[in-house]
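As the structure is a computational prediction, the values presented were derived from the model and not from experiment. These values consider heavy atoms only, across backbone and side chains, with no hydrogens, waters or symmetry-generated copies.
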Amino acid sequence: MSFTSDMRRKVDQIRDYLYGGGYPDPLSNAEQLSFLFFFYLIEGIDAANQRQAKATKRQYTSLFAGDWTVRNPLNAPEKDVDVIPKDRLRWSSWANAMSGDDLVRFVREEVFPFFASIGSEFGMSFMAQARLVIDDPTVLAQVVNLVNELRLEETDPDSKGDLFEHVLRQIKQAGELGQFRTPRHIIRAIVELVDPKIEETVYDPAAGTAGFLVAAYEHIRLANSSDHGRTTADLEGKTFERGLGDQLNHAQWRRLQTETFYGNDVDPKMVSLASMNLALRNLPDVRILKRNVLTTSFDRQAKAERGLPLDGYDVILANPPFSGRIDRDRIVDDVKVGTSTATELLFVKYMLDNLAEGGRCGVIVPEGVLFGSTGAHKELRRMLMQNNRVEAVLSLPGGVFQPYSGVKTSVLVFRQGGRTGRVMFLHANNDGFKLDANHDQPTEADDLPGLIAAFNCRDDLWADWRERDPAAPWTENWWFAESTAIEKEDWNLSASRYRPETREAVEHRHPQELLEELRDDVASILGDIEALAAEMREPVA
C-alpha cells in the first residue's frame, strides 16, 4: 500500500488534534508520533521474527514473553500483584482496550519504560530517554485511534517513510544552534552531485532527521535497479524516480542495511526522529549517536567499540548548523581553525579530517564561508584548495531555506587529498519552488537538473570553456575558475566573483538574474562586516 491521500489526511488530523489539545510544538509532536509508530510496528516485527525463526529452526524469544514488574501499582490487575504478562504491553492489547486516565497512566508508566528497556536491541537507543508528553486522556485516545487507522503494517517501507516525511514537514522552526530541516529536493540534488555508491560508507555528522542518509539510501537503490524495478514517487509536490534495488545481492543488501550509514546529532529529539525515519525504511540497525562532533573526539579504540569506520568515511553529506557559536574551551583541537568559534567553519574542518582517502563531500554552507575575510575563513579555504580537490560550488537561490532562515547558501563539493586545479561554479536562480516566505509551492522553473547534468559532464564542458570567445556574451549558468585566479582573490570561492561578464551579456540578462546577483553582492558585504566584527570581538593573545 502506498502513501495515500487518506493517510495524509489522517496524519493532518493527528496534527490538528495535538494543536487543538494544547500541544503546539511540532518538533515534540513529531517525536511523540515516532514513539507511537515504534510501539505499533514492533509487534509486527516481533511476529515476523518468530515466523522466520520457526521456518529456519532457529532460537528466538518473543519480546513479549515472560512477565513485567509494574512501575505503578495502579496498573496491576489486582491488589498485592506487582507483575503482568509482557503480552499486555503489545500495542494491540492496550491501544484497543484502554481509555481515559488509565490509558495515559499505563502508557506513561509501563509502555514507555518497557520499550526503553528493549529499544537498544533494535537500534532504537533513543528510547532510553523517551517519555510520554501527550498526557491529556482525550487527545491521547484520539491519536492512538488514528495511528491504528493508518494500518502501518500493510504499508511498504518507502510509503512509511513518505508518511513520516509528511510528519516532519510540519516542523517549521530552526533549532537553537541554527539547525533546520533541509528541503528534500535540495538534498536529492546534492546526493546526485556526490553520487554515493554501494560498498561505500555514508556519514552525516549533523544528521537532523536523517534526510541525507535516506536520500543516499534511495540513490544507491536506484543505481542498482533494473528498468522494471523503477517507479515514480511524489514528495512535497515534486516527482522523482525511486528504485527497488533489485540488482543488489544478499550480501550487498546486508551491508547497505548495517555497515553503510552513520550519523550524529546534538539534539535528542533529532536522534529520535532520525532513528525512526531510518527504521521505517527497513534500516533499523543504523545507529544515530547523540554527539557533538565539535566538542568530542573518538580515537581508534572508541570508534572500534562503537562499530564506526576506523579510517574515515567514503562520503560525507551534511547541512551543519549555521550561525552557531561554541565556547572556545569546549572545541576539540582536531576541528580548530584559527581562533574561530563559528560552527559553519568548524564543521567543514571536521569533514575535511574525517573523509577516507579519496572520499567525497557535499556540504551546504552560508555564503560567508566562501568569501569571509577573517584569518580562519581564508585558512579554511586555503586548506580546501591546496590539500583537497574542490570540484564544484553550487550557488543556491536566496530563500531556499524559508521559512526557517533567509540566509544565502551554497553547496561545496570536494574530494579528499590532492590539490585543486580548477573549480566549476554552478548558479541556480530557481529550484523548482516559489521563492517566497513559505517556499512550498512547486513551479516549473528549476535549474537544478540542468546544473547536475552539467556537473556530470564537467570535463567536456571544461574544454568548451577554454575554447570560448572571451568577448562573446556568456549565457550559461555554469563557469570555471582556475586555482591561480582563486588564490589571487584570497581563495574566495563565491560563484559571482568569477562570473564572466560583457556589456552585451549584461544588457540582455533577465531582471530576476540581476536581482539575484545584487543579493549575492549585498550578502558578501554583510558577511565581510560580520567577519570583521567577529575578529574585533576575538581576545588578543
Side-chain angles (χ1 to χ4, degrees), residues 189-197 200-206 212 216 262 293-294 297 309-320 332-338 340 342-395 409-426 452 455-456 458-459 462 478-495 497-498:
I190 295 169
V191 170
E192 285 191 58
L193 291 173
V194 179
D195 189 25
K197 302 180 186 305
E200 293 185 324
T201 53
V202 181
Y203 175 48
D204 185 345
F212 274 106
Y262 303 85
V293 298
L294 305 184
S297 59
L310 300 181
D311 298 309
Y313 301 89
D314 300 308
V315 171
I316 297 180
L317 301 160
N319 180 15
V332 295
D333 290 340
D334 293 348
V335 305
K336 288 181 178 178
V337 186
S340 179
T343 56
E344 59 265 31
L345 297 182
L346 303 177
F347 264 107
V348 175
K349 175 60 164 59
Y350 172 83
M351 294 175 205
L352 283 172
D353 294 341
N354 282 272
L355 280 173
E357 183 177 355
R360 309 180 305 290
C361 179
V363 55
I364 299 171
V365 296
E367 291 277 288
V369 171
L370 304 180
F371 54 69
S373 59
T374 71
H377 282 84
K378 294 177 183 177
E379 175 60 15
L380 181 67
R381 294 196 300 267
R382 185 198 65 78
M383 286 189 287
L384 275 166
M385 291 289 294
Q386 291 194 328
N387 303 329
N388 301 272
R389 286 164 286 170
V390 178
E391 296 186 326
V393 175
L394 167 61
S395 175
T409 58
S410 286
V411 179
L412 272 172
V413 180
F414 60 88
R415 190 179 295 264
Q416 189 272 345
R419 186 184 179 96
T420 304
R422 63 176 184 267
V423 177
M424 185 178 199
F425 292 97
L426 308 164
I452 293 168
F455 176 79
N456 287 335
R458 58 192 178 277
D459 291 339
W462 168 243
W478 57 265
W479 52 91
F480 291 90
E482 296 188 66
S483 59
T484 51
I486 295 173
E487 182 174 1
K488 290 177 182 177
E489 296 288 339
D490 279 336
W491 309 107
N492 189 311
L493 287 171
S494 178
R497 181 65 63 101
Y498 307 100

For Phe212 and Ala318, work out which heavy atoms get closest and say how close.
CE1-C, 3.6 Å

For residues Leu345 and Ala376, report the shortest heavy-atom separation together with the two atoms involved.
CD1-CB, 4.0 Å

Any side-chain heavy atom of Leu384 within less than 4.5 Å of one from Thr420?
no

Could you please spell out the steps behind the side-chain contact (heavy atoms from CB on, under 4.5 Å) verdict for Asn456 and Asp195?
CA-CA 10 Å; Asn456 287 335; Asp195 189 25; over 6 Å; no

All ring pair (Phe, Tyr, Trp, His ring centres under 6.0 Å) counterparts of Trp491, not counting sequence neighbours
none

Where Phe347 and Pro205 come nearest, the two heavy atoms and their spacing:
CE2-O, 4.1 Å

Check whether any side-chain heavy atom of Ser340 lies under 4.5 Å from a side-chain heavy atom of Thr374, and answer yes or no.
no

Sequence neighbours left out, what passes ring pair (Phe, Tyr, Trp, His ring centres under 6.0 Å) with Tyr350? Give chain and number order.
none

Distance (rounded to the nearest 0.5 Å) between Leu493 CG and His377 NE2
12.0 Å

State which residues pass side chain to side chain contact (heavy atoms under 4.5 Å, CB included) with Ala189; sequence neighbours excluded, sorted by chain then number.
Leu448, Ile452

Compare every heavy atom of Val369 with every heavy atom of Glu344, then report the nearest pair and how far apart it is.
CG-CG2, 3.6 Å

Atom SG of Cys361 and atom CG of Leu193: how far apart are they, to the nearest 0.5 Å?
12.0 Å

d(Trp478 CH2, Met424 CE) to nearest 0.5 Å is 5.5 Å

Could you state the interatomic distance from CG (Leu352) to CG (Leu380), rounded to the nearest 0.5 Å?
6.0 Å

Report the C-alpha separation of Met385 and Val423 in whole Å, then their side-chain angles, then the decisive distance to 0.1 Å, and conclude whether the side-chain contact (heavy atoms from CB on, under 4.5 Å) test is met.
CA-CA 9 Å; Met385 291 289 294; Val423 177; 4.0 Å; yes

Looking at Val194 and Val315, what are the two nearest heavy atoms and their distance?
CG1-CG1, 3.8 Å

Could you name each residue pair satisfying salt bridge (Lys or Arg N to Asp or Glu O under 4.0 Å) that touches residues 374-385, not counting sequence neighbours?
Lys378-Asp490, Glu379-Arg382

Residue pair Gly312 / Pro309: nearest heavy atoms and the distance that separates them
O-CB, 3.5 Å

Which value, rounded to the nearest 0.5 Å, describes the distance between Thr201 atom OG1 and Ile316 atom CD1?
8.5 Å

Report, one line per pair, each donor and acceptor closer than 3.5 Å where one atom sits in a side chain of residues 411-419; sequence neighbours left out.
| unit_1 | atom_1 | unit_2 | atom_2 | d |
| --- | --- | --- | --- | --- |
| Arg415 | NE | Glu391 | OE2 | 3.1 |
| Arg415 | NH2 | Glu391 | OE2 | 3.4 |
| Gln416 | OE1 | Gly358 | N | 2.9 |

Charged N to carboxylate O under 4.0 angstrom, Asp353 versus Lys336?
no

Side-chain contact test, heavy atoms from C-beta onward, threshold under 4.5 Å: evaluate it for Leu370 versus Ser410 and give yes or no.
yes

Please list, chain by chain and in numerical order, all residues satisfying ring pair (Phe, Tyr, Trp, His ring centres under 6.0 Å) with Tyr498, sequence neighbours excluded.
Phe425

Asp204 CG to Met351 CE distance, which is reported to the nearest 0.5 Å
7.5 Å

Classify the ring geometry of Tyr203 against Tyr313: parallel below 30°, tilted from 30° to 60°, perpendicular beyond 60°.
parallel

